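Written below as structure tokens is the structure these notes are about.
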Amino acid sequence: MGAKASIAKTLAANPGFSGKRREAPRARPADLLAVDLLAWYDRHRRNLPWRAPRGERADPYRVWLSEIMLQQTTVATVGPYFKRFLARYPNLRSLAEAPLDDVLAAWAGLGYYSRARNLHACARAVVERHGGNFPRSEAELASLPGIGPYTAAAIACIAFNEKTVPVDGNVERVLARLHRVAHELPRAKPELRELARELAEDVGIASRFGDFAQALMDLGATICRPRQPRCMICPWQAACLAKAQGDQESFPKKSAKREGNLRRGAAFVVSRRDGAVLVRKRQEKGLLGGMVEVPGSEWSADFNEAAALAFAPRVRGESGLAWRRLQGEVGHVFTHFPLELIVFVASIGLGARAPRGCRFLAPAEIARAAVPTLMIKVLAHAGVLPRRAL
DNA sequence: TATACGTGGCG
DNA sequence: TCGCCAAGTAT
């Protein structure tokens with residue numbers, strides 16, 4: 001199916017869409033749309049840390065690392081993490097040989113920690129299965145840990161110039177507006193993927209698949225933004241069906257997602273006289289998997305504050321800790337639920353021994369350990385830390 | 001197909 | 001202040 005046919009299908013799926021609108025948008029052949037975008041990209045190309053100099057092929061290791069970091073994460077947030085990570089692990093082999101805990105520590109604060117665990121597993125898999133070189137086909141890439149359909153396509157076209165278009169949130173938004181896609185996400189995903197596949201065909205004459213993918217994502221990030229899109233300077237403004245209708249901000253349509261219930265719990269900060277804090281490691285899988293935390297209760301909607309001290313850690317060599325409940329709470333919002341933690345603090349002497357499964361972490365070590373932002377907030381609330389040092 | 005999975009920025 | 005959103009994947 002050609003691009004024109006899909007436009008007709010889009011129009012057919014929009015009963016309220018006036019037939020008069022068919023003529024104004026998309027006055028030019030589809031291949032020129034791709035050419036227009038590449039020309040725009042050549043003029044407005046952003047210099048990002050993982051991007052190769054113009055005309056040069058990007059390093060697959062850097063492309064992969066950046067794409068994993070950029071999953072659900074903004075360019076501004078990723079920048080500093082990417083540079084630090086690359087300085088510490090300059091190539092695939094150095095990453096594959098590193099202990100997982102060190103990798104988690106380098107990832108601390110970025111969120112979605114399964115990405116770091118899969119990153120590490122992927123590095124080892126590429127060394128074992130591919131001799132240390134990333135495969136170039138989308139299918140082989142997608143079989144690696146942490147690499148799904150989007151990332152496989154992104155690496156394939158950006159690092160190897162394979163003929164494919166990765167479809168991320170940016171591309172979905174651009175295409176949903178360009179074609180005024182009526183269906184809601186995520187149901188519209190197959191339709192949007194098909195539109196993206198047609199675009200890959202359009203790029204054929206230029207054979208710059210990596211540039212085209214990055215151009216499309218840049219267009220979504222800087223021009224076709226979720227709110228207040230800058231249509232007046234968009235290279236595709238003349239072809240955009242939503243722009244013609246004036247309702248571009250209402251695309252893509254999305255199904256309403258329900259919000260999670262508030263969960264509450266208690267955290268216990270034990271400070272040793274030399275400043276060290278009692279911590280433990282969370283289980284490998286699930287929320288904040290493998291990350292460092294202070295001891296605490298379960299987090300639940302029906303948390304009973306009066307019984308909170310039952311969860312307090314018992315420190316060997318101490319006859320009983322004098323717990324002090326700090327005023328206020330530590331609030332944190334996860335993707336699927338908000339959390340409020342009350343914090344208890346206690347001080348102990350140098351002779352104390354950590355309970356089974358726990359250890360004491362010196363202040364200087366906290367910055368180098370795998371401590372998630374939630375726990376940074378708890379430690380800051382307890383007065384143990386000023387804030388994360390970037 | 002739906003849900004779990006972090007965090008920070010912005011209007 | 002608060003809801004939305006950002007270059008998704010695994011199960």
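Values in this document were obtained by computation on a predicted structure and should not be read as measured data.
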Gap between atoms [atom1] and [atom2], on [X] and [N] respectively (whole Å):
X         : N       : atom1 : atom2 : answer
His120(A) : dA10(C) : NE2   : C1'   : 19 Å
Leu110(A) : dG9(B)  : CG    : C1'   : 15 Å
Arg225(A) : dC5(C)  : CZ    : C1'   : 14 Å
Leu141(A) : dG8(C)  : CG    : C1'   : 15 Å
Arg115(A) : dT7(B)  : CZ    : P     : 10 Å
Gln283(A) : dC5(B)  : CD    : C1'   : 14 Å
Gln71(A)  : dA10(C) : CD    : C1'   : 11 Å
Tyr112(A) : dG8(C)  : OH    : C1'   : 8 Å

(request) May I ask you to decide whether Glu293(A) forms a salt bridge with Arg282(A), counting only side-chain N to carboxylate O separations under 4.0 Å? (result) yes

(message) With a 4.0 Å cut-off on N to O distance, would you call Arg187(A) and Glu184(A) a salt bridge?
(response) no

To the side chain of [X], which of [options] is closest?
X         : options                  : result
Lys285(A) : dC5(B), dT11(C), dG8(C)  : dT11(C)
Gln228(A) : dG11(B), dT7(B), dT11(C) : dG11(B)
Arg227(A) : dG8(C), dT7(B), dG3(C)   : dG3(C)
Thr335(A) : dG8(C), dT7(B), dG6(B)   : dG6(B)
Tyr150(A) : dT9(C), dC5(C), dT7(B)   : dT9(C)

Counting the atoms with a prime plus P, OP1 and OP2 as sugar-phosphate, which does [X] contact under 4.0 Å by heavy atoms, base, sugar-phosphate, or nothing?
X         : answer
Arg282(A) : nothing
Val78(A)  : nothing
Gly286(A) : sugar-phosphate
Pro145(A) : sugar-phosphate
Ser66(A)  : nothing
Val75(A)  : base
Arg173(A) : sugar-phosphate
Pro186(A) : nothing
Ile158(A) : nothing
Ile68(A)  : nothing

(request) Tell me which of Arg187(A) and Thr74(A) sits closer to the 5' end of DNA chain B, going by the nucleotide each one is nearest to. (result) Arg187(A)

(message) Would you measure the distance from the P atom in dT9(C) across to the matching atom in dG8(B) and give it in whole Å?
(response) 22 Å

(message) Using 30° and 60° as the class boundaries, would you call the ring planes of Phe337(A) and Trp299(A) parallel, tilted or perpendicular?
(response) tilted

Can a side chain N or O of [X] be found less than 4.0 Å away from OP1 or OP2 on [N]?
X         : N      : value
Ser114(A) : dT9(C) : no
Thr77(A)  : dT7(B) : no
His336(A) : dA4(B) : no
His332(A) : dG6(B) : no

(message) Given the structure, check if the side chain of Thr73(A) and the base of dG6(B) hold any donor-acceptor pair shorter than 3.5 Å.
(response) yes

(message) Quick check on the hydrophobic clustering: are Ile223(A) and Trp236(A) connected, directly or via other members, by side-chain heavy-atom contacts under 4.5 Å?
(response) yes

(request) Could you pull out all residues at least two apart from Arg43(A) that satisfy salt bridge (Lys or Arg N to Asp or Glu O under 4.0 Å)? (result) none

(request) Select from Ala142(A) and Arg51(A) the residue whose nearest nucleotide in DNA chain C is closer to the 5' end of that strand. (result) Arg51(A)

Under 3.5 Å, sequence neighbours excluded: what are the donor-acceptor pairs made by side chains of residues 321-331 of chain A?
unit_1	atom_1	unit_2	atom_2	d
Arg325(A)	NE	Glu305(A)	OE2	3.4
Arg325(A)	NH1	Gly328(A)	O	3.0
Arg325(A)	NH2	Glu305(A)	OE2	2.4

(message) Are Pro166(A) and Cys157(A) packed together at the side-chain level, in the sense that at least one heavy-atom pair is separated by less than 4.5 angstrom?
(response) yes

